[in-house]
Each structure stands twice: as C-alpha cells, then as structure tokens.
Number of protein chains: 2
Amino acid sequence: MPSPLPSRNRGPKPTKVDPDHLLDAAQAVFAEEGLRAASLRAIARRAGCDPALIYYHFASKEALFLALMNRRFPALLRDIEKLAEPTDLRPTALRLWDVLLIYHRHLKDDPGIRALIRGEIVRGAEGLSHLIEDQIRPMVGSIQRIFEQGIARGEVRPGVQPLLATFFLAKMQLEILDVLPAVLPLLTELPPEGAVLTGMRAWLEVLWRGVALDASAPLPTLPSPLD
Amino acid sequence: MPSPLPSRNRGPKPTKVDPDHLLDAAQAVFAEEGLRAASLRAIARRAGCDPALIYYHFASKEALFLALMNRRFPALLRDIEKLAEPTDLRPTALRLWDVLLIYHRHLKDDPGIRALIRGEIVRGAEGLSHLIEDQIRPMVGSIQRIFEQGIARGEVRPGVQPLLATFFLAKMQLEILDVLPAVLPLLTELPPEGAVLTGMRAWLEVLWRGVALDASAPLPTLPSPLD
DNA sequence: AGCAATATTCAACACCTGTTGAATTGGACC
DNA sequence: GGTCCAATTCAACAGGTGTTGAATATTGCT
C-alpha cells in the first residue's frame, strides 16, 4: 500500500465554494472580531471549507479584506455622489438626512467596513491606503460639497467649515450605528430597539440647528428608512 | 556539577521593578497596539524585565489592564463630578467646554483608556463590567446633569434629551482626540498640529448652537487649555 | 551566620496564527 | 478513455500568545 494514507475527501466539492461565498463568511467574521482578531481558520469554518482554499482565491488575509471593501464601497460612493449633485435643490437638511440614511442602508449590516472607515486603517495594513485615496476621499468630498452648496444657497451659515462639519456628521453616524445600541442598555433600562433611528433623528436635529443659518427654523419632516 | 546550568542573573535586581513602572510600560503598549493586540512580551520588553514578572504583580493580562484603568479613572471621575455640582452657576456652554477640557487633560496621553470608553468593553473582557458600573456610568450621569441643570436654568431648550446629548458630546470628543489628528492629513494638506483644539472649538460651537435655548446668542469666550 | 521572605528569570507548555507545497479528486474536452 | 486543468484538502512550518512551575539571587531579620 502507498505510504501517504489515501484520504478520500480532497478534490473539488459537489458544489463549488465561489469567492463570493468566502467574502460573505469573511464579512461575518470580520464583523464580529475586527480586522486583526478575525482568523482565517474561523472564516474557513464559517464558509465550510479549508483555510488553504482561501489562498486559492485570495493572495492573503489583507487581500481578502481589501476585496471585501471593494465589494461594498463603490455602491455606497455612487449613492453619496449622486446626492451631492448641484442639481439637487431640496432643503439641505433633507439632503443631510439622506446622507445618514444612505450610511444606514449600506453599512448597517457590515461592521467591518465601518471599522475601516472609523480608522482601523490608520495603524492597520498599508495596502489599504489607495482605498482611502479612491473611495473615502471622494465620499468625504461629496458630503463636504453639500455643506458648501448649503452655504451658497443661504441655508447654512458661512462660518461653518465644511470639512469639519463632514467629519462630525460621518463620525457621529458611525458611533450611532455601532455604539449606541450596545451602550444604551448599559446606561439605562431602555432596550436597544429603535435606538439607532432615535439617535439619528436627535443627532441631525442638533447638527442642523448648530449649522443652519436660521437655527430657529423647524426641520423639514424626515422620512423614515424604508427597509 | 549540578545538572541545571547555573544562570547568574536570576533573583532580585539592583533596582526593583515596581508595579507602577509596569503599568507605565503597559499603558504605552496598550496605547500603540490596542487591548487585544498588545502582548505581555512587548510590555515586559518595554519595562525591561521578564514577562513572567508581570504575573508576580498581576494575576493576568486582563487584571493588568484593569489596574491600568483603576489608576486613571478615579481622578477623571472626580473632576467631572466636581463640574456637575449644582452650585456651579457659570454659563452652561462654559461648563460643557470644561468637560471637553477635562477629557482632553486626562485622556490625551492614554489611548488605551479612550479605547475602553469607546467600547472595546462591549465584546472585550467580562471582568471590566463593574468598571462601567462604578466609573463610567457616574461620569455619564454627571454630564447628563449639567444638561438638565441647563434646561432648568433656561439655557438649554427643553426638547433636548440629556442622555443623548451626553452621548454626542463624549463620543465626538473621543473621535476628535483620536481620529481627527490622524485623518486630517489624509484628507487635506493640513498638518495635524492644532487639529484637536480646532476640532474641539468647532464641535462645541455646533453642539451648543444645536442645544441652546437661544441658538443665535454668541458663545462665551472659551479659555484654552493651559498645559 | 543562618533563615525566611521577596523579587526575578528561565524554560517550557499548549494553543493559535498566517502561510505554503504537495497530494488528490472531479469534471471538461478531445 | 485518456489527459489536462481547476478546485479542494492535508499536513506541516515557523512564529507568536498567555500562562505556569521551578530555580535562583538578593535583602532583611534574628
């Protein structure tokens, strides 16, 4: 008999493990563990395959994470960019609310991408820097433009710095998506359900009053997300 | 000759490695690497001793981290609580600025504690939960009380929810301390110096206008931190 | 001088990590 | 029916992790 013992379950599976399925598993694990703590073995377990298979489809753990980002970012970026078009003449407060809703829609199921935006990049992998260049910077630019247009239209007071206002808007939205539901039950007896929407509304009200030319003008009615 | 080879450098050192020195090293490493990624070997290297020595002074890695928190938190909590005393009749905007300054003073050199407050607790170690109970919850309560007093004094509009306003204030301050200096050079050509103070001022202006009973009233002059 | 307590290091354990090279199988094509 | 290629697994490597038990100097006490 041959010295390497004949293991029968190698070779292709009846149903292929396509890269997208791997990405799904990776997204789930990155979401729970964070970029650094997520292990390829855990991802493989989730996907129902061997860790080595990941290396057949992706060059490294970092490349896997990058592919994950490249799957999500373009659609998010496109939606934000569409919102920033100068032909959109709706009230600025409504457009900002739409920014929050778009974030909510695209990111609510993907804490991994949120962690990336939040700044895991900063000391994280180097290979992600052109992702900032190509995707995050234009996104920030678009939101910034909404504020600038708001100033030009006499809705936002001229003293407001668009870049900082964008920073405030985006950062707080991430905190609301991530931290508010987790932290609210710790501090009060309130259940976490509805916390995100409550937080978003309260946040936009504060931000808008802080930024509007006429702070006492009422907010337009804000539509709820449809999902 | 004795079978265990006689290594000459065991036993106590000429200068003791006291636990506080260990905590200093731990703080530095936790700051750079984060709670999970910081290794005891790196901490020991920083402290100039053997990893095993850490276990002579602390029961575990988690206990070390906990001791680190217990070294910083009480002073921070005391300062915040003093600020919330109802006998403090200064303008609410100034008291909120003081909250930002206190955060800045106590936390600017300690990203580890910031990471904890930010939410590394949520999925992190279980043993930290009573730290939330004993230290973080009263801190949040104090800031909340400042908002409530502001409402009672007719400075803050009654529609504002003190808990959410506190969440906004604290979370954004952490983002400003951590993320703003790292992210600003990525998005603009601006150097990171002064970014924190600029961000703090702009942030308080937005928050205060968003929260004040009379949003058009000017902010009181905000003193700079002294350090 | 001897003894006990204290502070420190060494060497190892068991486990987890990203990654790789070789082996293997199934299906498609000729 | 044989051949080739794509997809998958196995077993291992080298390194890192928290942790522990034993060995060992030093200090202070009597």
Side-chain angles (χ1 to χ4, degrees), chain A residues 1-23 25-26 29-30 32-68 120 124-128, chain B residues 1-23 25-26 29-30 32-68 120 124-128:
Chain A
M1 54 185 162
S3 57
L5 50 127
S7 35
R8 293 275 159 217
N9 38 355
R10 292 197 200 197
K13 279 188 177 179
T15 64
K16 263 193 227 175
V17 179
D18 74 313
D20 237 53
H21 181 223
L22 277 180
L23 285 175
V29 177
F30 278 133
E32 287 171 10
E33 309 287 345
L35 169 53
R36 199 157 191 167
S39 84
L40 291 175
R41 282 168 171 86
I43 293 172
R45 213 177 307 130
R46 188 84 146 228
C49 70
D50 192 273
L53 183 59
I54 298 176
Y55 283 86
Y56 181 77
H57 291 288
F58 303 95
S60 66
K61 180 184 179 183
E62 185 179 320
L64 173 65
F65 187 72
L66 195 62
L68 200 51
E120 206 157 357
E126 295 291 328
L128 305 178
Chain B
M1 53 182 165
S3 58
L5 51 127
S7 35
R8 292 274 161 220
N9 38 355
R10 293 198 200 197
K13 280 187 176 177
T15 63
K16 261 193 230 178
V17 179
D18 72 313
D20 238 54
H21 179 224
L22 277 180
L23 285 176
V29 177
F30 278 133
E32 286 171 10
E33 309 286 344
L35 169 52
R36 200 156 189 168
S39 84
L40 291 175
R41 284 170 169 84
I43 294 172
R45 212 177 307 130
R46 188 85 148 228
C49 71
D50 191 273
L53 182 60
I54 297 176
Y55 283 84
Y56 181 77
H57 292 289
F58 304 95
S60 65
K61 181 185 179 182
E62 184 179 321
L64 173 65
F65 187 72
L66 195 61
L68 200 51
E120 207 158 358
E126 295 292 327
L128 304 177

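Atom set for the values below is all heavy atoms of this structure, side chains included, hydrogens, waters and symmetry mates excluded. Proteins come first, then strands; the chains are lettered A, B, ... in the order of their sequence lines, and each starts at number 1. What you are looking at is a predicted structure, and each value in this text was computed from that prediction instead of being measured.
One atom, CG of Leu40(B), and another, P of dA12(C), lie 20 Å apart when rounded to the nearest Å. Atom P of nucleotide dT8(D) and atom CZ of Phe58(A) are separated by 12 Å, given to the nearest angstrom. Protein atom CD1 of Ile54(A) is 11 Å distant from nucleotide atom P of dT9(D), rounded to whole Å. One atom, OH of Tyr55(B), and another, C1' of dT19(D), lie 5 Å apart when rounded to the nearest Å.
Residue Tyr56(A) has no polar side-chain atom (N or O) positioned under 4.0 Å from OP1 or OP2 of dT8(D). Within the 4.0 Å cut-off from OP1 or OP2 of dT17(D), at least one side-chain nitrogen or oxygen of Ser39(B) is found.
When all heavy atoms of Lys61(A) and Leu35(A) are compared, the pair lying nearest together is NZ-O, 3.3 Å. Heavy-atom minimum distance, His57(B) versus Pro19(B): ND1-CG, 3.5 Å. The heavy-atom pair separating Phe58(A) from Ala63(A) by the smallest distance is CD2-O, 4.4 Å. Taking both residues in full, the closest heavy atoms of Val29(B) and Ala38(B) are given as CG1-CB, 3.8 Å, listed atom of the first, atom of the second, then distance.
Both Arg41(A) and His57(A) lie near DNA chain D, and the one whose nearest nucleotide falls closer to the 5' end is His57(A). With the nearest nucleotide of DNA chain C identified for both Ala37(A) and Ala59(A), Ala37(A) has the one nearer the 5' end.
Judged by distance alone with a 3.5 Å cut-off, a donor-acceptor contact links the side chain of Arg10(A) to the base of dT9(D).
Within a heavy-atom distance below 4.0 Å of DNA chain D, the residues of residues 42-53 of chain A found are Cys49(A), Asp50(A), Ala52(A), Leu53(A).
Taking 4.5 Å as the limit, every side-chain heavy atom of Phe30(B) sits out of range of all side-chain heavy atoms of Leu23(B).
Contacts classified as side chain to side chain donor-acceptor pair (under 3.5 Å) and involving residues 42-54 of chain A (residues at least two apart or in different chains) are given here: Glu32(A)-Arg46(A).
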